[in-house]
Amino acid sequence: MKKIVSLLILAAGALVAACEEQTTVNEDLTQFVNVRIGSGGHGHVFVGASVPFGAVQVGPTSIPQTWDWCSGYHSSDSTVIGFSHTHLSGTGIGDLFDITVMPVTGEVTYDRGRLPENDSPEAIEAAQNTGLWSYADRSREVARPGYYSVPLTRYGITAEMTATSRVGFSRYTFPASDNAAIVFDLYNGGCWDHPYDTCIEMVDSCTVQGYRFSFGWAKNQKIFFRAVFSKPFDSFEKIQSEAVGPRGERLPVLYGRANYHTVEGEQILVKVAISPVNEDKAAANLTAELDGWDFEATAEAARKAWNEELKKIRIQTSDQDARTIFYSALYHTMIVPSEFCDVDGEYRGADDQIHPSEGFVNYTTFSLWDTYRAQMPLMTILQPERENDMVNTMLHIYKQQGRLPVWHLMGNETFCMVGNPGIIAVADAIVKDFDGFDADLAWEAIKGTAMDTIRGLDLRLKYGYIPSDKMLEAVAYDMEYAIADAAAANAGYYLNKTKDAEYFDARSKSYKYYMDPETLFARGRNSDGTWVTPFNPFESDHGGNDYCEGTAWQYTWLVPQDYKGLLEFYGSREKFIERLDSLFAADSRLEGDNISGDITGLIGQYAHGNEPSHHIIYFYTMAGEPGKTSDLVRRVYSEFYRNSDDGLCGNEDAGQMSAWYILSSLGFYEMEPASTKYWFGAPVFDEADVKVAGGFFRIKAHNLSPENRYIQSVTLNGRKHKLGYIEYDDIVNGGELVYEMGPEPAVWYK
């Protein structure tokens with residue numbers, strides 16, 4: 001990535017040096033992280049132990065396998081079937097939960113088990129006899145970055161865990177027992193996941209290894225492991241049977257039980273290393289990352305790793321809840337994407353073959369329909385090295401499967417969600433001049449993916465848009481494709497691919513086919529050009545109409561790439577603003593027999609709980625009404641980001657919901673696809689120091705208060721800034737941005 005240092009930045013050198021000195025203060029920012037924010041409601045966040053972007057997420061998995069348990073954990077439920085070493089965070093579909101380990105005492109039933117019919121002791125005992133599960137004593141639960149602990153009331157065992165990138169490290173404190181055990185469950189995954197081949201074998205009296213191959217959201221997921229115990233087991237046994245799968249197939253049921261005699265308070269530690277390649281690589285990962293048995297030192301190293309990442313933004317505020325919300329959000333943006341390679345760089349590719357990483361770290365868990373909007377743009381500021389690695393990962397996915405990823409999980413393309421978001425993520429890195437990948441290959445991947453003929457792209461080539469009578473969710477698919485086309489055009493112009501860029505630029509206007517001048521909504525159109533009827537902008541039909549997890553109200557504004565085109569459609573800036581006002585003033589009702597549970601966080605018909613709305617508020621700044629942006633963004637802050645278990649208004653979506661808050665709270669947001677512009681909104685903090693490639697970027701909000709909530713003027717490195725946005729280079733080169741705040745809306749830019 002280029003690092004241009006202007007004369008203005010050089011003149012501000014003393015400031016940058018002072019800022020850098022301040023940010024080296026050894027403050028533990030993990031103390032401000034509430035990892036349980038989003039563990040209630042529909043947040044679906046992971047609660048457990050991990051390190052930033054680590055392959056392992058070790059934590060509790062509960063009995064339920066329904067939507068609100070996509071991460072395996074929900075604050076309303078304290079059941080634990082075991083502690084799994086892979087989890088998703090904030091997704092709308094559940095998968096993984098690989099290599100589940102459960103400490104027990106006594107004889108148990110080897111099954112997931114069922115919930116009790118009521119809270120009576122008899123019902124609880126009967127339910128526990130159906131499986132290994134136990135209640136967790138949540139009143140004594142400890143959850144912080146890199147560490148998790150909870151007592152299991154059924155067994156009188158306290159479970160603790162921490163992690164390195166590829167190793168989950170657990171410590172179990174047992175009661176006195178002649179029949180204690182540590183059980184490995186290779187059958188139970190989560191939600192949509194089912195095993196099709198599993199193995200566990202004893203290597204010696206302290207070591208087991210094996211694998212778990214499964215299908216679900218990821219159609220062919222392969223995880224290998226090596227586990228080492230701190231105490232030799234008395235014996236090891238395998239419990240095997242079969243179960244019937246969702247399509248009537250026979251599934252392998254496999255448990256491994258390491259048996260012990262324990263004395264009161266005895267601690268047995270277990271290290272579980274994972275690999276996408278084979279058991280030997282898992283063993284090598286274990287040796288490289290965690291050769292010893294110092295649990296406290298490992299937990300401290302995990303805390304330090306999180307603290308180093310959290311220190312990339314240091315804020316000043318007297319609002320302690322806002323501080324907690326901020327650092328918890330920043331934490332949530334760094335759970336995934338997760339590393340998906342061994343310490344020697346080898347990984348399992350999208351073609352199910354083993355590949356060397358060729359000088360980059362391979363990643364997985366790309367929720368790109370969500371994260372191209374804010375989480376990936378945040379990465380370009382805070383994680384430039386990882387940004388290069390992630391783009392390289394996407395380019396190798398392109399080479400292995402023939403197109404850029406849509407929603408990639410454990411080497412598998414899930415094709416979840418609409419559009420071509422991988423194009424946007426790669427194009428964003430191109431226009432920001434990242435140079436840690438092959439630009440020619442990147443353009444080949446963008447163009448090849450954009451010219452693909454699957455998922456309705458053939459219909460766009462034939463009709464110029466996707467007709468509603470040819471495909472479900474036609475409007476959603478096409479409008480997202482149009483955004484990707486605009487990103488491709490921006491990358492093409494940047495790379496001097498002018499002819500291709502002009503083609504994609506023109507194609508990015510396909511949304512205009514859906515803009516109905518009579519109703520003023522984006523609505524479905526048939527292949528003969530007629531409008532889809534009947535039409536109801538309040539109707540939601542999850543997966544069954546023209547929109548994806550939204551209504552016509554929200555999708556009408558899914559045009560971040562062409563603000564000028566929307567102005568033309570509505571006729572003037574004033575009419576555009578009037579229509580935009582109507583979105584936030586509309587009735588918040590949703591109608592239909594199959595309403596999408598993703599349409600949450602409503603202000604009128606603006607839905608902050610789902611990604612297609614995330615850019616809309618910033619249209620006001622584009623249109624010269626930044627005061628309305630400020631008012632609405634602050635309302636979102638106060639209503640939809642709270643310091644509580646139910647503190648998010650929708651799925652965390654792999655960091656996107658939190659990344660929106662991080663960027664917006666700094667006072668700006670990248671709303672256009674593959675853009676270098678971050679449009680101004682409403683700062684939350686008196687001061688923020690952001691560690692960037694060029695040093696530090698200091699943001700100050702003078703006179704900020706609940707009353708003084710509007711930006712009056714902006715200065716950048718001591719000079720008046722007369723734009724409604726700040727350029728990416730101005731951020732990452734370092735320097736100082738100052739907002740002067742006041743009580744009345746103002747327009748400081750032309």
Do H396 and E358 pair up side chain to side chain, a donor and an acceptor below 3.5 Å, judged on atom types alone?
yes
Run the ring-centre check on Y347 versus F340 and record whether the distance is less than 6.0 Å.
no
Partners meeting salt bridge (Lys or Arg N to Asp or Glu O under 4.0 Å) with E296 (sequence neighbours left out)
R171
Could you go through the side-chain hydrogen bond (donor to acceptor under 3.5 Å, both in side chains) check for R226 and N285 one step at a time?
CA-CA 9 Å; R226 168 71 71 98; N285 293 341; over 6 Å; no
With F32 via ring-ring contact (aromatic ring centres under 6.0 Å, His included) - residues at least two apart:
none
Candidate list V142, V47, T162, V58, test side chain to side chain contact (heavy atoms under 4.5 Å, CB included), partner Y148, passing option:
V47
Checking F437 against F360 for the ring pair (Phe, Tyr, Trp, His ring centres under 6.0 Å) test, could you report, in this order, the C-alpha distance in whole Å, the side-chain angles of both residues, the deciding distance, and whether it holds?
CA-CA 9 Å; F437 53 85; F360 70 96; over 10 Å; no
Mind checking salt bridge (Lys or Arg N to Asp or Glu O under 4.0 Å) for E480 and listing every partner two or more places apart, or none if nothing turns up?
R373
Mark yes or no for whether D95, through its side chain, and G216, through its backbone, hold a donor-acceptor pair below 3.5 Å.
no
Does the structure place the NZ or CZ of K271 under 6.0 Å from the centre of the six-membered ring of W293, at an angle of no more than 45° from the ring's axis?
yes
Are D193 and S214 close enough that a side-chain donor and a side-chain acceptor fall under 3.5 Å?
yes
Between Y327 and H332, do the side chains contain an N or O donor and an N or O acceptor separated by less than 3.5 Å?
no
Taking the side chain from T66 and the backbone from D68, do they hold a donor-acceptor pair closer than 3.5 Å?
no
Run the numbers on F213 and F224 for ring pair (Phe, Tyr, Trp, His ring centres under 6.0 Å), then give the verdict.
CA-CA 8 Å; F213 300 168; F224 300 84; 5.4 Å; yes
So that I know where these two stand, are Y669 and H614 an aromatic pair - ring centroids less than 6.0 Å apart?
no
Closest non-hydrogen contact found for M417 with C548 is CE-SG, 3.5 Å
Output yes when a side-chain donor or acceptor of T100 lies under 3.5 Å from a complementary backbone atom of F97, and no otherwise.
yes
For R386, is there an ion pair with D389 - N to carboxylate O distance below 4.0 angstrom?
no
Whether the side chain of T333 engages the backbone of L330 through a donor-acceptor N/O pair (distance < 3.5 Å, no angle test) should be reported.
yes
Do T371 and D653 make a side-chain contact, defined as non-hydrogen atoms from C-beta onward lying under 4.5 Å apart?
no
Mind checking salt bridge (Lys or Arg N to Asp or Glu O under 4.0 Å) for D428 and listing every partner two or more places apart, or none if nothing turns up?
K432
Centroid separation under 6.0 Å, is that true for the rings of Y331 and W306?
yes
When you measure from the side chain of N420 to the backbone of I423, do you find a donor-acceptor pair of N or O atoms at a distance under 3.5 Å?
no
Under 3.5 Å, side chain of S165 to main-chain N/O of G54, donor-acceptor pair present?
no
Between W217 and the options W407, F415, W192, the ring-ring contact (aromatic ring centres under 6.0 Å, His included) test singles out W407
Do Q57 and S50 have a side chain donor and acceptor closer than 3.5 Å?
no
Which pairs pass salt bridge (charged side-chain N to carboxylate O under 4.0 Å, His left out) with one or both residues in residues 321-344, sequence neighbours excluded?
R166-E339, K281-D344
Can you classify the ring geometry of Y637 versus Y661 as parallel (below 30°), tilted (30 to 60°) or perpendicular (above 60°)?
perpendicular
H85 ring center near F225 ring center (under 6.0 Å):
no
Run the numbers on Q375 and Q656 for side-chain hydrogen bond (donor to acceptor under 3.5 Å, both in side chains), then give the verdict.
CA-CA 5 Å; Q375 198 263 359; Q656 166 61 25; over 6 Å; no
What class does the angle between the rings of F697 and F668 fall in, given that below 30° is parallel, 30 to 60° is tilted and above 60° is perpendicular?
tilted
Would a distance-only check, ignoring hydrogens and angles, find a side-chain to backbone donor-acceptor pair under 3.5 Å from S675 to M671?
no
Holding to side chain to side chain donor-acceptor pair (under 3.5 Å), I want the full list of residues that pass it with S39, two or more places apart in sequence or in another chain.
none
Could you list the residues that satisfy side chain to side chain donor-acceptor pair (under 3.5 Å) with T79, not counting sequence neighbours?
D77
For Y398, enumerate each residue passing the side chain to side chain donor-acceptor pair (under 3.5 Å) test, keeping only those at least two apart in sequence or located in another chain.
E444
For F640, ring-ring contact (aromatic ring centres under 6.0 Å, His included) partners two or more places apart
none
For residues 34-67, pull every pair meeting ring-ring contact (aromatic ring centres under 6.0 Å, His included), keeping only residues two or more places apart or in separate chains.
H42-W67, H44-W67, F46-H87
Flag for E160-S170: side-chain donor and acceptor within less than 3.5 Å:
no
Measure the spacing between CG of N362 and CG of N392 and express it to the nearest 0.5 Å.
9.5 Å
Residues in side chain to side chain donor-acceptor pair (under 3.5 Å) contact with Y135, at least two apart in sequence or another chain:
none
Using only atom types and a distance under 3.5 Å, with no angle test, would you say the side chain of S89 pairs donor to acceptor with the backbone of I335?
no
Any luck finding a side-chain donor-acceptor pair between H408 and Q401 under 3.5 Å?
yes
Take S338 and T364, measure what side-chain hydrogen bond (donor to acceptor under 3.5 Å, both in side chains) needs, and give me the verdict at the end.
CA-CA 5 Å; S338 50; T364 188; 5.6 Å; no
Ionic contact status for R314 with D689, cut-off 4.0 Å:
no
For R112 and G189, indicate whether the former's side chain and the latter's backbone hold a donor-acceptor pair under 3.5 Å.
yes
Going by salt bridge (Lys or Arg N to Asp or Glu O under 4.0 Å), name the residues that satisfy it together with R36, two or more places apart in sequence or in a different chain.
E141, D645
In this structure, are over 12 heavy atoms from other groups packed under 6.0 Å from K222 atom NZ?
yes
Kindly say whether D98 contributes a backbone atom to a donor-acceptor pair with the side chain of T86 at under 3.5 angstrom?
yes
side-chain hydrogen bond (donor to acceptor under 3.5 Å, both in side chains) assessment of T317 paired with D319
CA-CA 5 Å; T317 180; D319 187 334; 5.5 Å; no
